[in-house]
Every structure is written in structure tokens, then in C-alpha cells.
Amino acid sequence: MAAPRRAHVEGAEALDAVFPRDVALFADAFPAEARYHFCGYGLRIAQHHGSRLGVAAPVWEAALALCQYFEEQQLDFRGKQVIELGAGTGIVGILATLLGGDVTLTDLPLTLEQLRENVARNVPAEHMARAHIRALSWGLDHEQFPSGYDVILGADIIYLRDTYPLLLRTLQHLSGPSSTIYLASKMRQEHGTAEFFETLLPRHFACELVQRDEQENISIYRVTRR
């Protein structure tokens, strides 16, 4: 994904900071569907490419890596209160729902329509009560959500330096002493991703690298409160 211009993330301007400002980067608007298979479930994921959703439209490689990690580790979310940050297409949160979690999928308001479509496509009616979709702007309205989620998920959400303090503030509020946070990320040097995981996040959390894909340059971290 291309790096957007830097923005001051104060007040309502933080809502704009997640999306690239150069509309030409996503000038061609078109819908697409991709199919995936994880943990015994077939997933049909709609992606509404274009300037409106920008980087929120595609399924990024780190999201697929995190889903694959769920499968390899045979993670069980039954009985867990789960929240996904920057859900985008929702593929990670949807899989967590199918694996038994009570999951809140969050992103900026523009993304919620795509999230609703993908939840409707992939979550059976009998499990729909465990899938919740809400707008969440890091560092702004995070206190409208409860603290102490059992599991917090994020895939490829570490790419804008100005949002890092907002994300940290949000993680601190949402997590509790027994929370587990799984963050999967492409380690983009130009965006300071390694600095976030190696310097900023460890100031507040204990971080463990649990999977590294050198070919795709993707790392998955398990994070807990200190």
C-alpha cells in the first residue's frame, strides 16, 4: 500500500488519517470477490476497491497470515469476547466468529457497509448474534467500548506513524490483565512498523514474536499486558 501524506491526527482529523489522501491511488472503482478456506470454513469475501474505501477494501496478506495462524494453532474462541481493530473486509473477525467467539468487528464508518456484507455472506444465521459491527476511531471514541476483552485482533493496521499513539491508547483501554492481543503485520521499513513493535508497544505491553514469514515479510506478535 502506498504511503499517504502525513496528517495531524487531532480530533476529527484522525478519521481521515487512516486512508490515503491521493484519490488517484484508487481511481478505478470496482467490486471483487475472493474465496479462501481456513479451519474447515469456506469464506467468500467481497472487496469494494476504489477511492471511497482505499486501503480498507482489499484482503491484505497479513490478514491471511493471521487466519492461517489460527488454523495452525487450532485456536478456540468459544466463550471469548473478541474485538477486531481496523477490520477492513472482516475476514479475521469473521473467522474468529466461526470459531466460536463473540466478536465485535470495528473500523471507520465508511467501512461498515463492506463489513456488514461480508458478515452476512459468511456467518450463518444461527451465529449472527455473536457478530457485532461498530465504528471505532482509535484514540477518539475507544472509551465507548468496554475494557478487558479476552482477545484483541489486528491485521496490517500498523502503517501510519501518526496513528501509533492513538492505537496504543486504544489497546490500553480495550485490554485487561488476562487479555491476549494478536497483531499481524507486513514489516514496512518506510512506515516504522518495526519501531512500533520493538520500541513503542513494549513500553506498555509484553510482546512475543510467534511467527515470521521472511518471504512475505510478515510477522505475527502475541501481546499481553505487563
Side-chain angles (χ1 to χ4, degrees), residues 1-11 13-21 54-56 58 60-70 72-73 75 82-88 92-93 96 106-108 136-143 145 147-226:
M1 90 186 56
R5 68 169 174 82
R6 294 180 63 83
H8 295 291
V9 285
E10 295 294 335
E13 292 181 4
L15 294 175
D16 298 325
V18 174
F19 298 107
R21 307 304 297 157
V55 297
W60 294 98
E61 291 88 349
L64 300 179
L66 190 52
C67 289
Q68 185 65 40
Y69 180 79
F70 292 172
E72 292 171 355
Q73 299 298 314
L75 295 187
V82 182
I83 188 168
E84 182 184 7
L85 304 180
V92 172
T106 71
D107 211 318
L108 296 180
L136 170 56
S137 302
W138 304 342
L140 296 179
D141 56 10
H142 58 283
E143 292 186 353
F145 291 76
S147 298
Y149 281 92
D150 296 307
V151 181
I152 301 171
L153 305 171
D156 234 344
I157 60 174
I158 317 298
Y159 62 89
L160 274 175
R161 292 179 188 269
D162 285 336
T163 66
Y164 295 171
L166 303 175
L167 176 56
L168 287 170
R169 199 178 309 157
T170 301
L171 289 173
Q172 286 178 287
H173 172 76
L174 297 175
S175 62
S178 60
S179 300
T180 301
I181 305 168
Y182 291 101
L183 297 174
S185 186
K186 180 86 80 171
M187 303 301 289
R188 300 176 179 85
Q189 183 177 0
E190 68 273 20
H191 295 159
T193 309
E195 178 187 358
F196 177 86
F197 284 107
E198 296 171 6
T199 302
L200 301 179
L201 195 60
R203 293 175 184 171
H204 310 281
F205 297 90
C207 307
E208 178 187 4
L209 177 64
V210 294
Q211 189 172 96
R212 171 70 184 159
D213 185 331
E214 292 291 346
Q215 183 174 350
E216 295 293 337
N217 192 27
I218 292 173
S219 296
I220 299 177
Y221 289 84
R222 182 168 53 226
V223 180
T224 56
R225 291 280 290 269
R226 289 191 178 279

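Along the sequence shown, the residues carry numbers beginning at 1.
Side-chain contact between Y69 and R222: present, with at least one pair of heavy atoms (C-beta onward) separated by less than 4.5 Å. Here the side chains of R169 and L166 are in contact, with some heavy-atom distance below 4.5 Å. Side-chain contact between L136 and D141 is present, with at least one heavy-atom pair separated by less than 4.5 Å. Side-chain contact between Q172 and H142 is absent, with no heavy-atom pair separated by less than 4.5 Å. At a threshold of 4.5 Å between non-hydrogen side-chain atoms, the residues V82 and D150 do not count as touching. By the 4.5 Å heavy-atom criterion applied to side chains, L174 and L85 are counted as neighbours.
A donor-acceptor contact shorter than 3.5 Å links the side chain of T106 to the backbone of E84. In terms of modelled atom types and a separation under 3.5 Å, the side chain of K186 and the main chain of N217 share no donor-acceptor contact. Listed for the S147 side chain is a donor-acceptor partner under 3.5 Å among the backbone atoms of H173. R226 places a side-chain N or O within donor-acceptor distance of the main-chain N or O of P202, the cut-off being under 3.5 Å.
Between W60 and R188, the closest heavy-atom pair is CE3-NH2, 4.4 Å. Between I220 and A184, the shortest heavy-atom distance links the atoms CG1-CB, 3.8 Å. Annotation for P165 and D162: closest pair CD-O, 3.7 Å, computed over non-hydrogen atoms. Counting all heavy atoms, side chain and backbone alike, A96 lies closest to L153 at CB-CD1, 4.1 Å. A155 and A63 get closest at one heavy-atom pair: CB-CA, 3.6 Å.
Interatomic distance, L66 CG to L183 CG, rounded to the nearest 0.5 Å: 8.5 Å. Of the inter-residue distances, the one linking W138 atom CH2 with L171 atom CG reads 8.0 Å to the nearest 0.5 angstrom. Taking CG of L64 as the reference point, atom CG of D213 lies at 11.5 Å (rounded to 0.5 Å). In this structure, CD1 on I218 lies 7.0 Å from CG on D156, to the nearest 0.5 angstrom. Atoms CG and OG1, from L75 and T180 in turn, are 9.5 Å apart once rounded to the nearest 0.5 Å. In this structure, the separation between CG on D107 and OG on S137 is 9.0 Å, given to the nearest 0.5 Å.
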Decide side-chain contact (heavy atoms from CB on, under 4.5 Å) for L167 and I158; before the verdict, give the C-alpha distance in whole Å, the side-chain angles of both, and the deciding distance to 0.1 Å. CA-CA 9 Å; L167 176 56; I158 317 298; 3.3 Å; yes
Any chance you could lay out the side-chain contact (heavy atoms from CB on, under 4.5 Å) test for F145 and T170, step after step, and finish with the verdict? CA-CA 10 Å; F145 291 76; T170 301; over 6 Å; no
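Annotation for E208: atom CD counts as buried by contact number, over 12 foreign heavy atoms lying within 6.0 Å.
Each ring-ring contact (aromatic ring centres under 6.0 Å, His included) pair with one or both residues in residues 192-226, not counting sequence neighbours, appears once here: Y164-F196, F197-Y221.
Between Y159 and H191, the ring planes lie tilted relative to each other; the angle falls in the 30° to 60° range.
Defined by atom type and a distance below 3.5 Å, a donor-acceptor pair is present between the side-chain atoms of Q211 and E72.
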